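Worksheet for the structure shown next.
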Protein chains: 2
Amino acid sequence: MATEQKDETVGTGTLGKTMAVLEAVALAERPMRFTDILAVSGQPRGTLHRQLTHLVQEGLLELRADHVYLPGLRLLKLASASWARNEFRAVAAPFLEALHAQTGETVHLGVLRGREIIYLDKVESRQAVRMNSQIGNASPVYCTGVGKAALSTLDDAALEVILSGIEFRRFTPQTLVDRAALLGELEAVRRSGVAFDREEHEPGIRCVAAPVCDAARSLVAGISVTGPAYRVEQEKLEAWVPLVRQAAGGIKNELDARLGPQR
Amino acid sequence: MATEQKDETVGTGTLGKTMAVLEAVALAERPMRFTDILAVSGQPRGTLHRQLTHLVQEGLLELRADHVYLPGLRLLKLASASWARNEFRAVAAPFLEALHAQTGETVHLGVLRGREIIYLDKVESRQAVRMNSQIGNASPVYCTGVGKAALSTLDDAALEVILSGIEFRRFTPQTLVDRAALLGELEAVRRSGVAFDREEHEPGIRCVAAPVCDAARSLVAGISVTGPAYRVEQEKLEAWVPLVRQAAGGIKNELDARLGPQR
DNA sequence: AACTCAGTTCCAAATAATGGAACTAAATGG
DNA sequence: CCATTTAGTTCCATTATTTGGAACTGAGTT
């Protein structure tokens with residue numbers, strides 16, 4: 001009977017509750033009807049109904065004729081503007097292009113948000129299949145190259161906050177599924193300045209990543225070069241290490257230069 | 001003294017007001033500080049401050065050290081999920097690819113939302129410069145090919161609602177800037193089944209578009225082939241008319257087929 | 001026709017938002 | 001260097017919105 005559900009979003013009054021509902025619907029794997037949402041939201045019927053009505057009126061959700069709630073187009077509009085005007089992305093873009101030109105493989109830019117990595121940009125050659133599939137995508141920190149790179153820059157206190165909330169999940173046989181293993185890995189990343197993803201998140205996918213952050217740690221991010229395991233052997237990843245480090249360094253310099261003056 | 005400001009978002013209680021603030025910040029051309037937002041929001045200082053604090057806590061906005069409010073990463077995360085799971089986009093994608101293969105130029109998929117066209121997808125070959133710049137972008141209905149195509153499918157009542165709220169703005173010498181001209185054009189679009197954009201939105205950019213909508217008019221959209229005027233003469237656009245019509249028809253059939261069964 | 005299940009509406013009580021004013025911190029300038 | 005303006009933040013009695021239980025509607029079953 002009790003739906004074990006502890007939303008981390010509280011303290012922002014009604015906005016937090018409404019956003020929790022929005023997120024539940026927007027991130028759901030399958031389309032959701034009223035009762036489905038009711039089950040996961042833990043709100044009373046009347047309340048939930050009003051919240052959904054408001055979200056639909058605002059264009060954040062859409063209510064299809066068959067009573068299925070879907071993410072609304074206003075989300076796209078808002079995100080598009082936010083992406084287009086993101087300074088960090090703009091600064092990093094030329095370095096990502098260069099890295100792609102040098103390696104020929106897909107290059108990602110991701111930033112740390114809470115316990116997730118959100119991908120801000122990517123550059124790849126063959127756009128044949130899906131276009132910007134990855135952008136905005138949220139992935140776990142502990143099993144992605146960018147994630148481990150980002151974590152390696154944090155101090156103990158900040159790291160502890162994140163680690164304490166992680167629920168490790170095994171995506172592949174290589175996924176690091178406990179704290180100790182991850183801490184060991186992070187130590188190695190700190191020493192070498194790069195993080196590898198050895199098919200830890202998706203089978204057949206490998207990457208090298210390097211951290212990028214600003215002096216104040218208000219921005220913690222990373223860049224990576226990713227490729228299919230059959231084409232990209234560990235040696236090749238190793239060979240790219242200097243390139244990735246160099247690109248990350250370039251971005252950091254550019255950031256410092258931009259942030260310096262306004263201080 | 002009086003800030004002439006009539007937000008269309010009312011009736012959703014506090015959510016509407018908060019979203020108006022969010023949108024003001026997210027869609028602003030330049031970064032905004034507290035006072036800038038205060039000026040456009042028309043809210044009392046204390047109220048606005050709390051709203052902004054909540055938005056920041058929710059990750060919808062970010063507050064940089066220099067007191068500038070920026071769009072938050074949670075917007076990207078939400079939008080990415082919404083985009084990835086959009087059925088209409090998925091249905092249309094193969095037709096867009098085909099149209100691109102046939103024409104060699106950029107193909108767009110846009111849907112009508114209120115008085116704007118929101119671009120849902122695009123296919124283009126040379127991704128050299130910027131990746132998904134267009135996706136999620138909101139453009140006026142009255143001066144884009146997709147916009148005029150979409151409008152042409154509406155009945156008088158629905159059209160009236162939209163037209164009555166349009167504030168015509170001249171983007172180029174060719175922009176249609178009055179109701180009569182637009183109505184005339186729409187009549188032509190209805191007869192021919194395609195809409196042209198003759199450098200009406202951006203100088204040097206032309207397109208052919210065809211409408212796509214479902215039987216219930218709950219989805220009103222369009223697809224277009226766009227190219228630079230120097231490379232794409234009017235004749236070429238004319239030559240693409242059958243292709244665009246065919247692609248639009250294909251998408252519509254597929255939609256009907258998918259929607260039919262569940263009815 | 002009786003019954004269920006999904007979705008919607010209603011309204012007194014509980015709670016959160018409002019907005020004016022006072023307060024603090026950082027720029028400006030005399 | 002202190003006075004003055006401007007920008008950002010906090011406070012709290014009042015006001016408005018949200019809450020949530022219960023009753024209602026209506027489509028689909030048996």
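Labels below follow one simple rule: chain letters A, B, ... track the order of the sequence lines, proteins then strands, and each chain is numbered from 1. Bear in mind that the values here come from a model prediction, so they are computed numbers and not experimental data.
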Pull out every protein N or O sitting under 3.5 Å from an N or O of nucleotides 10-14 of chain C, one pair per line with the distance.
none

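For the atom pair B:I118 CD1 and B:N137 CG, the distance stands at 8.0 Å (nearest 0.5 Å). With rounding to the nearest 0.5 Å, the separation of CG in B:L75 from OG in B:S80 is 12.0 Å.
Regarding contacts with the backbone of C:dA17, a side-chain N or O of A:T14 is found under 4.0 angstrom from either OP1 or OP2. Between A:R33 and C:dG7 there is a side-chain N or O to OP1 or OP2 distance below 4.0 Å. Phosphate contact (OP1/OP2 of C:dC5, side-chain N/O of A:T35, threshold under 4.0 Å): absent. Between B:R50 and C:dT18 there is a side-chain polar atom (N or O) within less than 4.0 angstrom of OP1 or OP2.
In terms of heavy-atom proximity, A:A209 sits nearest to A:V146 at CB-N, 3.6 Å. Contact detail for A:G147 and A:I117: the closest heavy-atom pair is CA-CG1, 3.4 Å.
A salt bridge is defined here as a Lys NZ or Arg NE, NH1 or NH2 lying under 4.0 Å from an Asp or Glu carboxylate O, and B:R74 with A:E23 meets this definition. Taking 4.0 Å as the cut-off between side-chain N and carboxylate O, B:R179 and B:E160 count as a salt-bridged pair. Ionic pairing of B:E87 and A:R64 is present here: one or more N-O contacts between side-chain nitrogen and carboxylate oxygen are shorter than 4.0 angstrom.
Distance, A:H54 NE2 to C:dT8 P: 14 Å, rounded to whole Å. Rounded to whole Å, atom C1' of C:dT8 lies 17 Å from atom CD of A:Q43. If you measure from atom CG of B:L48 to atom P of C:dG20, you get 14 Å, rounded to the nearest angstrom. Separating the CG atom of B:L38 from the P atom of C:dG20 is a distance of 12 Å, rounded to the nearest angstrom.
Comparing A:L15 and A:H49 by the nucleotide of DNA chain C whose heavy atom lies nearest to each, the residue mapping closer to the 5' end is A:H49.
Take A:F95 and apply the ring-ring contact (aromatic ring centres under 6.0 Å, His included) test, not counting sequence neighbours, and it matches no residue.
On the nucleic acid side, DNA chain D has its first and last nucleotide under 4.0 Å of a heavy atom of chain B at D:dA7 to D:dT18, going 5' to 3'.
Judged by distance alone, with hydrogens and angles left aside, A:R45 brings a side-chain donor or acceptor within reach of the base of C:dG7, the pair sitting under 3.5 Å.
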